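Only one structure is covered here, and it is reproduced in the block below.
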Number of protein chains: 2
Amino acid sequence: MTCIEQFTREIRQRGYRMTPQRLAVLQILHQGGHFSPGEVYEQARHAVPGVTEATVYRTLEFLEERQMVVSARARDGRLLYELAGHTHHHLLCRACGRMVQIDHALIDEVLRQLEATSGFRLDATHLTFSGLCPECQRKEDKP
Amino acid sequence: MTCIEQFTREIRQRGYRMTPQRLAVLQILHQGGHFSPGEVYEQARHAVPGVTEATVYRTLEFLEERQMVVSARARDGRLLYELAGHTHHHLLCRACGRMVQIDHALIDEVLRQLEATSGFRLDATHLTFSGLCPECQRKEDKP
DNA sequence: ATAATTGCAAATACTTTGCAGTACG
DNA sequence: CGTACTGCAAAGTATTTGCAATTAT
C-alpha cells in the first residue's frame, strides 16, 4: 500500500473525506521538502483547477491537526509544511540560502539533556540553525 | 555613561541622527525581553505622540542593520526584537506560553561541534525550543 | 440522503512604499 | 543649511471568515 493510500484510509477511518484537493496537497508534500501555503497552492492549482488559496490553507491546517503534516516557521516568516513522521534538522546559510541536513544524533543527545534538566517534553522534530556557510564566509571576509 | 547614551553616541558617530522616535524604541527595548513591532508601536505612541507604525518598522530595521538590535521569528509568525549583545536560549511551552531560560553552556557545546563538522559559522545567539512544560504535560495526559 | 467540504468574495492583519514636509546636527 | 528622517496615505501581501453550493460516502 502506498503512502498516499495510507493517508486516504486514515482520513476515512476517522470519519473525514478524501477529496481531490486533499489528495493533491498530500501528493505535493509527498515530493519531499518544505512548502509554504503559497507554494502548495501554485502546484495544487494545476492538479485541481479551480482550487482556492482558502482551501489550501484549510487543508494544511486540517492535516496538521490530525498530525499528518508538521509545520515550522521560517526565518522570513513563511510557514513551511512537510509530511509528518520524519525527524531531521538543518543548517541554513543566511547569505545564499543553502540548506544542509545535519546528523541528528548530536542534537538529540542535547535535547534529551534539556528535557531531563527542565522537565519539558520537547517537540523539536525539525530544528533549523542559521549561520554562514563556508563559501559565504570567504566572500564576507574578503569583500 | 548609560546604555542609551552609548547608543546615541554610536549612532551619531556613524553619521546618523538620534531622533525622539529612535530614542523611544531603544528605551522600550532596554526594558528587556522581546517585543514585536506592534508592541513597540503601542508603547512608543505614548512616549512620542504622532509616531506611526511605518516609523517603528523602519526604526527597528535601521537598528538591526546596525547590529544594535536582533530579531527572531516566533512560532506564531511575529518578529520579536531585543537589544543585541546578549546570548541566551529559551524553552517555550506551546500550551501555556511559559518561557524559561536555559543554561547556554549546554547549547554552546553542541553549536561548536556543529560548526566544526559543517564548516558553518552559526548565529545562534538566541534559540528557542518549543515543547510542553511539566504542568501542561500533566493536564494533557489526564484530560 | 446528508453532513463534510469547497469556492467565492469580502474582511482582517501585517508590512512596505512614495513623497512632501520636518528637524537634527 | 543640507540631508536624514518622519508622517501620511495608499498599496501590497498573507491569511481568515461567512455563507451558499457542491460532493464524497
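Within every chain, numbering begins at 1; the chains are lettered A, B, ... in the order of the sequence lines, protein sequences first and strands thereafter. For clarity, every value in this text was computed on a predicted model and none was experimentally measured. When reading the values below, keep in mind they use all heavy atoms of this one structure, side chains included, and skip hydrogens, waters and symmetry mates.
R12(A) contributes no side-chain N or O that forms a donor-acceptor pair with the base of dA24(D) under 3.5 Å.
Heavy-atom minimum distance, P20(A) versus V48(A): O-CG2, 3.7 Å. When all heavy atoms of Q31(A) and F35(A) are compared, the pair lying nearest together is NE2-CZ, 3.5 Å. Across I11(A) and R17(A), no two heavy atoms sit closer than the pair CG2-O, 3.6 Å.
Nucleotide dC14(C) holds its P atom 12 Å from the CZ atom of R73(A), rounded to whole Å. Atom CD in E61(A) sits roughly 10 Å away from atom C1' in dT15(D) (whole-Å rounding). The CZ atom of F62(B) sits 8 Å away from the P atom of dT6(D) (whole-angstrom rounding). Between I11(B) atom CD1 and dC24(C) atom P there is a gap of 14 Å when expressed in whole angstrom units.
With a 6.0 Å radius and a threshold of 12 heavy atoms from other residues, nucleotides or ligands, R75(A) has its CZ atom above the threshold. Counting heavy-atom neighbours within 6.0 Å of E65(A) CD, excluding the residue itself, gives a total above 12.
Considering V69(B), V51(B), V25(B), V40(B) as possible partners of T59(B), the one that fulfils the side-chain contact (heavy atoms from CB on, under 4.5 Å) test is V25(B).
Taking the six-membered ring for Trp, H90(B) and H34(B) have ring centres closer than 6.0 Å.
Note on R22(B): a side-chain N or O is less than 4.0 Å away from OP1 or OP2 of dC5(D). Distances shown here put every side-chain N or O of R58(B) at or beyond 4.0 Å from the OP1 or OP2 atom of dC5(D). Between T19(A) and dT6(C) there is a side-chain N or O to OP1 or OP2 distance below 4.0 Å. Contact annotation: Q21(B) reaches the phosphate of dG7(D) (side-chain N/O to OP1 or OP2, under 4.0 Å).
Cation-pi geometry between R66(B) and F62(B) is met: the NZ or CZ atom falls under 6.0 Å from the ring centre, inside 45° of the normal.
For the contact set between residues 35-57 of chain B and DNA chain C, defined by any heavy atom under 4.0 Å, the members are A54(B), Y57(B).
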Polar atom pairs between nucleotides 10-12 of chain C and protein, under 3.5 Å, N or O only, would you list them?
none

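Put simply, the side chain of Q137(B) gets close to the backbone of L132(B): a donor and an acceptor are under 3.5 Å apart.
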